[in-house]
Amino acid sequence: MVLSPMRNLLVTSALPYANGPIHLGHLVEYLQTDIWVRYQKLRGNRCIYLCADDTHGTAISLRAQNEGRSEEELIAEMSESHQKDFADFGIEFDHYGSTNSEASREICHEIWAALREADMVVEEEVEQLYDVEKGMFLADRFVRGTCPKCNSPDQPGDNCDSCGATYSPVELIDPVSTLSGTRPEIRSAKHLFVQIEQLHGFLEEWTQSGTLPAESANYLKNFFLAEPLKDWDVSRPAPYFGFEISDSPGNYWYVWFDAPIGYIGTTKEWCDQHGEQLADWWKNEKTEIHHFIGKDIQYFHTLFWPAMLKTAGYSLPTKVHIHGFLTVDGDKMSKSRGTFIRAAKYLEHLNPSYLRYYYATKLSAKVEDLDLNLEEFVARVNSDLVGKVVNLASRTAKFVASPGLSETYPTNDEGLFEKFAQQGDAIAEAYEVGNFGKAMRLIIELADAANPYVESNAPWELRKDPEKTQQLQDVCTVALNLFRTLCVYLSPVLPDLAAKCGELLGDPITSWDQSKKPLSGTPVAKFKHMMQRVDAKRIETMIEESAAENEAAAAATTPALSFDDSGEFLSENPIADEIAFDDFAKVDLRVARVVEAHEVPEARKLIRLILSLGGDERRQVFAGIKAAYQPEDLVGELVVMVANLAPRKMKFGVSEGMIVAAGPGGKDIFVLNPDEGAIPGHRVM
RNA sequence: GGCAGGAUAGCUCAGGGGUAGAGCAGAGGACUCAUAAGCCUUUGGUCGGCGGUUCAAAUCCGCCUCCUGCUACCA
């Protein structure tokens with residue numbers, strides 16, 4: 001790639017939602033972006049990095065309500081906490097704003113006016129469930145109820161976990177608001193829709209024009225652009241925490257309408273603070289706009305967002321960089337396992353540089369998930385950074401502390417400096433396209449070449465011979481220059497290390513081109529440790545603490561879920577001897593439906609049941625449940641029967657199996673019913 | 001169900017028609033400047049399976065298996 005002399009770059013990360021703290025998953029994106037931005041700045045490009053808190057929507061209101069304070073208080077605190085976490089990880093924004101700002105409000109109105117003018121806005125009545133007690137409409141995720149297709153109870157508002165049916169929450173049988181526990185009613189309200197289908201052709205072209213990773217372009221092509229695009233519902237009726245729509249009082253912009261606009265609003269704030277013109281950044285062909293986002297929010301950024309920009313006459317994103325999700329040791333982050341780790345928690349135990357480097361080794365330009373393998377994390381950081389890179393300085397710097405670097409750079413460095421300098425282009429290219437993993441591999445490859453040089457030139461031997469002081473100084477000058485070049489290359493990832501290298505050699509690292517010219521004749525400071533090795537025990541502690549915190553938090557929010565079951569029955573009836581699976585499998589348990597149930601007048605404990613196993617298969621079973629059940633209550637019920645039990649002649653007839661029930665006996669007998677969805681004949685295993 | 005991506009050494013991954021690679025882990029050795037770091041040597045793989053194209057396939061094509069993700073008020 002040809003890098004023009006000086007580019008103008010506007011870079012954003014997705015706006016974190018003001019509903020919770022930053023965790024290691026978020027950091028993939030902010031570190032990725034920060035590294036890219038630092039790289040661009042190091043190259044001498046004009047680059048501003050902007051971000052903001054995403055503050056609107058129902059979830060914010062609910063949380064504020066639960067905490068008994070205003071939305072404004074909540075988002076102010078969140079913003080502060082987010083910014084602290086970012087700063088502590090070395091993520092340097094040029095400006096950090098909020099979607100709840102005057103600047104953002106202005107741009108929302110402006111873009112809205114443009115959509116109106118383009119005749120892209122339509123009104124439609126939408127039926128939604130309304131929680132009378134809370135006084136608000138309920139998003140799908142706040143409703144549960146019985147599936148209209150299969151009658152499974154307690155299903156989510158948009159689809160059934162049991163039969164997989166999708167539906168609208170208004171179709172639910174017996175809907176319940178998860179917010180108040182009351183039954184919501186169906187109400188109709190006016191919503192405003194944007195007809196992005198009008199820009200179908202434009203979006204098709206734009207999404208396929210190389211602005212997106214190939215995976216994403218294909219995805220959009222197949223899933224969205226193959227058919228007419230649906231109108232986008234961009235309004236929510238009051239009460240809603242957000243901006244009221246000027247020409248539609250009582251309606252507010254949906255959080256996903258104003259979130260991306262926050263990019264522009266934040267730019268405007270930055271411009272106002274720095275005497276810059278917004279148009280130079282957002283209405284200027286020469287400015288590149290780069291968004292970094294996760295794959296979960298692709299379609300907001302690649303369909304709605306460009307449609308809005310296009311309509312309002314703003315520049316379109318030059319590139320949308322899309323990353324995957326973080327897993328920890330191969331699994332999704334888990335609160336109970338303690339792998340859901342807050343940024344602040346990490347920092348209590350570990351150095352941010354470790355994570356910056358580790359993520360860098362794992363990031364590529366592809367849309368793929370990134371695994372934080374904790375064992376590898378320790379190995380990589382300790383081996384690569386401490387063992388190879390920093391080691392170069394720590395094993396040589398002290399030999400030249402008094403004379404400093406040689407007056408001129410030695411000619412006999414085995415071509416190493418030149419080799420290091422030449423690799424710079426390949427490393428730069430890898431940074432530029434977002435393939436940080438490759439950049440790190442190339443850099444560590446160089447470090448691997450540098451250590452044998454020190455080894456074979458053995459400065460610790462040269463030191464013993466007063467005749468060889470010049471040679472000693474030269475060897476160390478070479479090693480330290482190689483170290484410095486590595487620090488230049490690593491500085492987007494490890495600004496701290498670069499700063500320490502600058503202090504050691506008395507020459508701050510500020511430009512990529514410092515990798516091209518060796519340093520000579522300068523003093524060398526007393527060597528101080530630049531990076532501690534990762535202590536694996538701290539990781540363990542961090543995980544344990546995270547798990548404990550999450551457990552405590554979960555317990556606090558779900559007090560209803562505390563159980564206090566007596567162990568009495570179990571102690572009186574100890575568990576039987578262990579059996580092999582095969583022994584259990586001999587028992588053929590089946591779901592059966594009670595099709596008839598009859599009194600047996602002469603029997604003290606028995607009821608005569610006719611069970612159906614589906615089709616024409618019928619069994620007569622005498623069940624000892626007379627004290628606990630009325631026959632008429634059993635007809636139609638599903639039960640579990642032992643289907644292959646040898647028939648038994650009884651006084652009142654032949655019993656062809658038995659049904660299973662729990663309890664101590666007498667009146668306390670509880671027949672087992674399968675959960676919803678089971679049908680007669682199903683085997684029970 | 002549909003779609004996308006993936007499967008290469010014990011682990012994490014690179015490579016991508018011409019003798020299978022790196023780091024870490026493992027084994028052996030020499031050294032002792034350095035944060036028990038570093039250096040040298042070395043074990044280890046039918047590149048998920050089956051077919052096809054080709055002089056040649058880990059690589060290209062087809063089918064299959066398994067994982068992961070996504071799946072709009074949609075299929």
Side-chain angles (χ1 to χ4, degrees), chain A residues 124 126-129 139-140 157-159 164-171 191 193 196 213-224 226-233 256 294-300 303-304 322 324-325 327 329-332 358 361-364 366-400 430 435 437-438 440-442 444-445 447-464 472 475-476 479 483 527-535:
Chain A
E124 264 176 61
V126 173
E127 283 196 335
Q128 250 188 310
L129 291 175
D140 296 2
D158 52 354
N159 66 77
T166 57
Y167 42 74
S168 154
V170 297
E171 298 173 56
H191 280 233
F193 291 77
I196 56 167
E215 299 95 318
S216 298
N218 290 340
Y219 164 75
L220 294 170
K221 194 174 175 180
N222 295 334
F223 284 99
F224 299 99
E227 296 172 35
L229 294 158
K230 298 250 154 80
D231 295 349
W232 184 33
D233 184 353
W256 263 111
K295 63 185 183 182
D296 50 329
I297 56 175
Q298 284 183 64
Y299 65 78
F300 292 107
L303 296 175
F304 303 132
I322 304 175
F325 297 142
T327 56
D329 282 341
D331 288 309
K332 279 186 192 176
Y358 183 77
T361 65
K362 306 284 271 193
L363 279 164
S364 74
K366 288 190 204 160
V367 184
E368 60 188 4
D369 291 348
L370 182 162
D371 186 49
L372 167 56
N373 179 301
L374 295 168
E375 212 173 301
E376 189 203 11
F377 171 82
V378 176
R380 276 242 103 90
V381 171
N382 288 351
S383 163
D384 292 355
L385 296 183
V386 182
K388 292 175 181 172
V389 176
V390 174
N391 189 230
L392 278 173
S394 71
R395 67 194 307 199
T396 56
K398 66 173 188 186
F399 297 138
V400 283
N435 196 347
K438 182 172 186 184
M440 297 308 106
R441 278 194 303 280
L442 292 171
I444 297 304
E445 225 170 75
D448 274 333
N451 274 301
Y453 169 85
V454 177
E455 199 75 23
S456 62
N457 286 282
W460 51 93
E461 294 296 336
L462 299 173
R463 178 184 57 159
K464 294 173 186 163
L472 171 65
V475 167
C476 294
F483 169 68
F527 181 80
K528 288 185 282 196
H529 278 196
M530 294 181 170
M531 191 180 292
Q532 299 297 322
R533 306 173 74 75
V534 182
D535 181 354

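The basis for the numbers below is simple: all heavy atoms, side chains too, and nothing from hydrogens, waters or symmetry mates. Just so it is clear, the structure is predicted and the values come from calculations on it, not from any experiment. Note on naming: letters A, B, ... go to the chains in the order of the sequence lines (proteins, then strands), and numbering restarts at 1 for each one.
Residues A/F325 and A/Y358 both approach RNA chain B. Their nearest nucleotides, taken by heavy-atom distance, put A/Y358 toward the 5′ side. Of the residues near RNA chain B, A/K398 and A/K366, the one whose nearest nucleotide (by heavy atom distance) lies more toward the 5' end is A/K366.
Checking B/rC39, B/rC13, B/rU35 against every side-chain atom of A/N451, the shortest atom distance belongs to B/rC39. Nearest nucleotide to the A/N391 side chain, out of B/rA37, B/rC33, B/rU35: B/rA37.
Residues satisfying the side-chain hydrogen bond (donor to acceptor under 3.5 Å, both in side chains) test with A/N373, not counting sequence neighbours, are none. With sequence neighbours excluded, the residues that form a ring-ring contact (aromatic ring centres under 6.0 Å, His included) with A/F300 are A/W256, A/F304. Take A/K388 and apply the side-chain hydrogen bond (donor to acceptor under 3.5 Å, both in side chains) test, not counting sequence neighbours, and it matches A/D448. The ring-ring contact (aromatic ring centres under 6.0 Å, His included) check on A/Y358 picks up A/F377, with sequence neighbours excluded. With sequence neighbours excluded, no residue forms a side-chain hydrogen bond (donor to acceptor under 3.5 Å, both in side chains) with A/D535. Among residues two or more places apart in sequence or in another chain, the side-chain hydrogen bond (donor to acceptor under 3.5 Å, both in side chains) test is passed with A/E455 by A/R395. For A/E376, the salt bridge (charged side-chain N to carboxylate O under 4.0 Å, His left out) criterion is met by A/K362, A/R380, not counting sequence neighbours.
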Task: Dot-bracket line, read 5' to 3' along RNA chain B, where crossing pairs take [ ] and | marks a partner on another strand, Watson-Crick or G-U under 3.5 Å - done: (((((((..((((....[..)))).((((.........)))).....(((((..]....))))))))))))....
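Side-chain nitrogen and oxygen atoms of A/K362 include none within less than 4.0 Å of the OP1 or OP2 phosphate oxygen of B/rU12.
Within 3.5 Å, a donor on the side chain of A/E455 pairs with an acceptor on the base of B/rG38, or the reverse.
Residue contacts for A/F304: at a heavy-atom cut-off of 4.0 Å it reaches no nucleic acid atom on any strand shown. Residue-level contact check: A/R441 touches the backbone only, with heavy atoms under 4.0 Å from sugar-phosphate atoms and none from bases.
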Just the atom pairs and distances: protein N or O near nucleotides 22-27 of chain B's N or O, under 3.5 Å.
{"from": "B/rG23", "atom 1": "O3'", "to": "A/K388", "atom 2": "NZ", "distance (Å)": "3.3"}
{"from": "B/rG23", "atom 1": "O2'", "to": "A/R380", "atom 2": "NH2", "distance (Å)": "3.4"}

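On the C1' atoms, B/rG45 is 11 Å away from B/rG21, given to the nearest whole Å.
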